2 protein chains.
Amino acid sequence: MPMKIGQFSRESELSPHTIRYYEKIGLLQKADKDDSGHRIYDEADLDLINWVTCLKKSGMPLQKIKRYVEAYRHNNNSEVTEILGLHLVKLKAQQVDIEHYIDVTKKKLSQLKKSN
Amino acid sequence: MPMKIGQFSRESELSPHTIRYYEKIGLLQKADKDDSGHRIYDEADLDLINWVTCLKKSGMPLQKIKRYVEAYRHNNNSEVTEILGLHLVKLKAQQVDIEHYIDVTKKKLSQLKKSN
DNA sequence: TAACAACTTAGAGCATACTCTAAGTCAAGC
DNA sequence: GCTTGACTTAGAGTATGCTCTAAGTTGTTA
């Protein structure tokens, strides 16, 4: 179950560089180290990093994810809920925007077809 | 109808800095200058920059927008169509992703409510 | 004519998010 | 014992997209 950064990297699909970077900026807590000073991670770390990746892919900046992770670590449920609630609102707005951009792009494309 | 960078900036909602930057990286053609060396723009420039802004807001990187603008300038309809077609595919993929992220976020939120 | 705003340029600086480099340590296999 | 691969650190470099600074010119208005 416990793994070093190499396996953790493969399972999370983030490079070791990126994982250390996330630790450096405080997004991830300082990982425990084994006797040779190598970072060790477990399933809980993997669940967290995967959720972090999901938040990141959905457009949340690392600074905000950092605040989320901190609130999560401190069991501050109300802040976690607030951050996710706001995130949901933004995602819905993005959804509306994208629909609009799809429409506009389609129109532009059909105008182009006509002018041929 | 012709205007200097200040008014062009207000009408396009881009700063003069940004407009000059776009010109510098070749996204916009070198603007014509009046007798005092000030850039002059017209309605066609405004239409183009507004479409550029639309592409940018919908996630197209400046380098790709640059290629779009060049193809557009050279009346290369097939390339314009190709770029927009690909963009449409990406937007649709984004739409699917966002729907997924909305679902996941909603689930996370309802899990949090239960654990209260 | 003097102040003031708007414009010009080249180039530096900034924010975000990595990504890589250098120099070194450590454990396992031949 | 030595190579190999995975790991460590601090810090430099990269890409994108601005954003600002400095030093100067030009046009309008009181």
Side-chain angles (χ1 to χ4, degrees), chain A residues 2-42 45-46 48-70 83 87 90 94, chain B residues 2-42 45-46 48-70 83 87 90 94:
Chain A
M3 56 195 128
K4 284 189 270 189
I5 204 167
Q7 200 191 334
F8 190 59
S9 159
R10 283 185 294 279
E11 300 211 16
S12 64
E13 292 174 70
L14 291 174
S15 76
H17 281 308
T18 301
I19 295 162
R20 290 191 203 99
Y21 169 70
Y22 284 0
E23 187 181 298
K24 191 163 140 191
I25 64 168
L27 196 162
L28 298 180
Q29 240 176 337
K30 290 206 166 191
D32 292 339
K33 307 275 180 80
D34 66 13
D35 290 349
S36 13
H38 295 183
R39 288 171 179 78
I40 43 174
Y41 299 94
D42 62 19
D45 294 317
L46 199 51
L48 181 59
I49 197 92
N50 284 337
W51 179 239
V52 160
T53 299
C54 181
L55 289 175
K56 209 209 62 183
K57 280 188 180 164
S58 63
M60 193 184 281
L62 295 184
Q63 282 309 307
K64 197 143 207 178
I65 298 178
K66 185 178 163 181
R67 273 192 274 153
Y68 170 88
V69 170
E70 271 158 13
I83 294 173
H87 187 52
K90 280 193 187 160
Q94 261 187 64
Chain B
M3 56 193 126
K4 285 188 270 186
I5 204 166
Q7 200 192 334
F8 190 59
S9 159
R10 283 183 294 277
E11 300 210 16
S12 63
E13 292 175 69
L14 292 174
S15 77
H17 282 307
T18 302
I19 295 163
R20 289 191 204 101
Y21 169 70
Y22 283 0
E23 187 181 298
K24 191 164 140 191
I25 64 170
L27 196 161
L28 298 180
Q29 242 177 335
K30 291 206 167 192
D32 292 339
K33 307 275 180 81
D34 65 13
D35 291 347
S36 12
H38 294 184
R39 288 170 179 79
I40 43 173
Y41 300 93
D42 61 20
D45 295 317
L46 200 50
L48 181 60
I49 197 92
N50 284 337
W51 179 240
V52 161
T53 300
C54 182
L55 290 175
K56 210 209 60 186
K57 281 189 182 163
S58 63
M60 193 184 282
L62 295 185
Q63 281 310 306
K64 196 142 208 179
I65 297 178
K66 186 179 160 178
R67 272 193 274 153
Y68 169 87
V69 171
E70 272 158 13
I83 293 173
H87 187 52
K90 279 193 187 157
Q94 261 188 64

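Residue numbers start from 1 in every chain, and the chains themselves are labelled A, B, ... in the order their sequence lines are given, proteins ahead of strands. Every heavy atom of this structure was used, including side-chain atoms; hydrogens, water molecules and symmetry mates were not. All values derive from a computational prediction rather than experimental measurement.
The closest donor-acceptor contact from the side chain of A:K4 to the backbone of A:H38 lies at 3.5 Å or more, if one exists at all.
Of the listed nucleotides (D:dC7, C:dG11, C:dT8), C:dG11 has the atom at the smallest distance from the side chain of B:K24. With C:dT21, D:dC18, D:dT9 as the candidates, the nucleotide lying closest to the side chain of A:H17 is C:dT21. Residue B:R39 has its side chain nearest to C:dT9 when only D:dC7, D:dC18, C:dT9 are considered.
Straight-line distance from the OH atom of B:Y22 to the C1' atom of D:dG17: 7 Å, rounded to whole Å. We find that CD of B:E23 is positioned 18 Å from P of D:dT19, with the value rounded to whole Å. What separates CG of B:D32 from P of C:dT8 is a distance of 13 Å, to the nearest Å. The separation between A:K33 atom NZ and D:dC7 atom P is 13 Å, rounded to whole Å. We find that CG of A:L14 is positioned 11 Å from C1' of C:dC18, with the value rounded to whole Å. When rounded to the nearest whole Å, the span between NZ of A:K4 and C1' of D:dG5 equals 10 Å. At whole-Å resolution of the value, CZ in B:R10 and P in C:dA5 are 14 Å apart. Summarising the geometry, the separation between CG on A:L27 and P on C:dT16 is reported as 13 Å, rounded to the nearest angstrom.
Contacts between residues 59-66 of chain A and DNA chain C, defined by a heavy-atom separation below 4.0 Å, involve A:P61, A:L62, listed by number.
Inter-residue side-chain proximity for A:I19 and A:R39 is flagged as unmet; no heavy-atom pair is nearer than 4.5 Å. The side-chain heavy atoms of A:F8 and A:I49, taken from C-beta on, include a pair separated by under 4.5 Å.
Using a 4.0 Å heavy-atom distance criterion, B:R20 is classed as a base contact. Residue contacts for B:F8: at a heavy-atom cut-off of 4.0 Å it reaches no nucleic acid atom on any strand shown.
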Criterion side chain to side chain contact (heavy atoms under 4.5 Å, CB included) on A:W51 and A:V69, from CA distance to verdict
CA-CA 10 Å; A:W51 179 239; A:V69 170; over 6 Å; no
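Between the CD atom in A:E13 and the OG1 atom in A:T53 there is a gap of 8.5 Å [rounded to 0.5 Å].
B:Q7 approaches B:M3 most closely through the heavy-atom pair OE1-CB, 3.4 Å. Across all their heavy atoms, A:K66 and A:L27 have their closest contact at CG-CA, 4.0 Å.
Contact check, B:S36 against C:dC7: no side-chain N or O comes under 4.0 Å of OP1 or OP2. An OP1 or OP2 oxygen of C:dT16 is reached within less than 4.0 angstrom by no side-chain nitrogen or oxygen of A:Y21.
The 5' end of DNA chain C is approached more closely, in terms of each residue's nearest nucleotide, by B:G37 than by the other of A:H38 and B:G37. When each of B:K56 and B:D35 is assigned the nucleotide of DNA chain D with its nearest heavy atom, B:K56 is the one assigned upstream, toward the 5' end.
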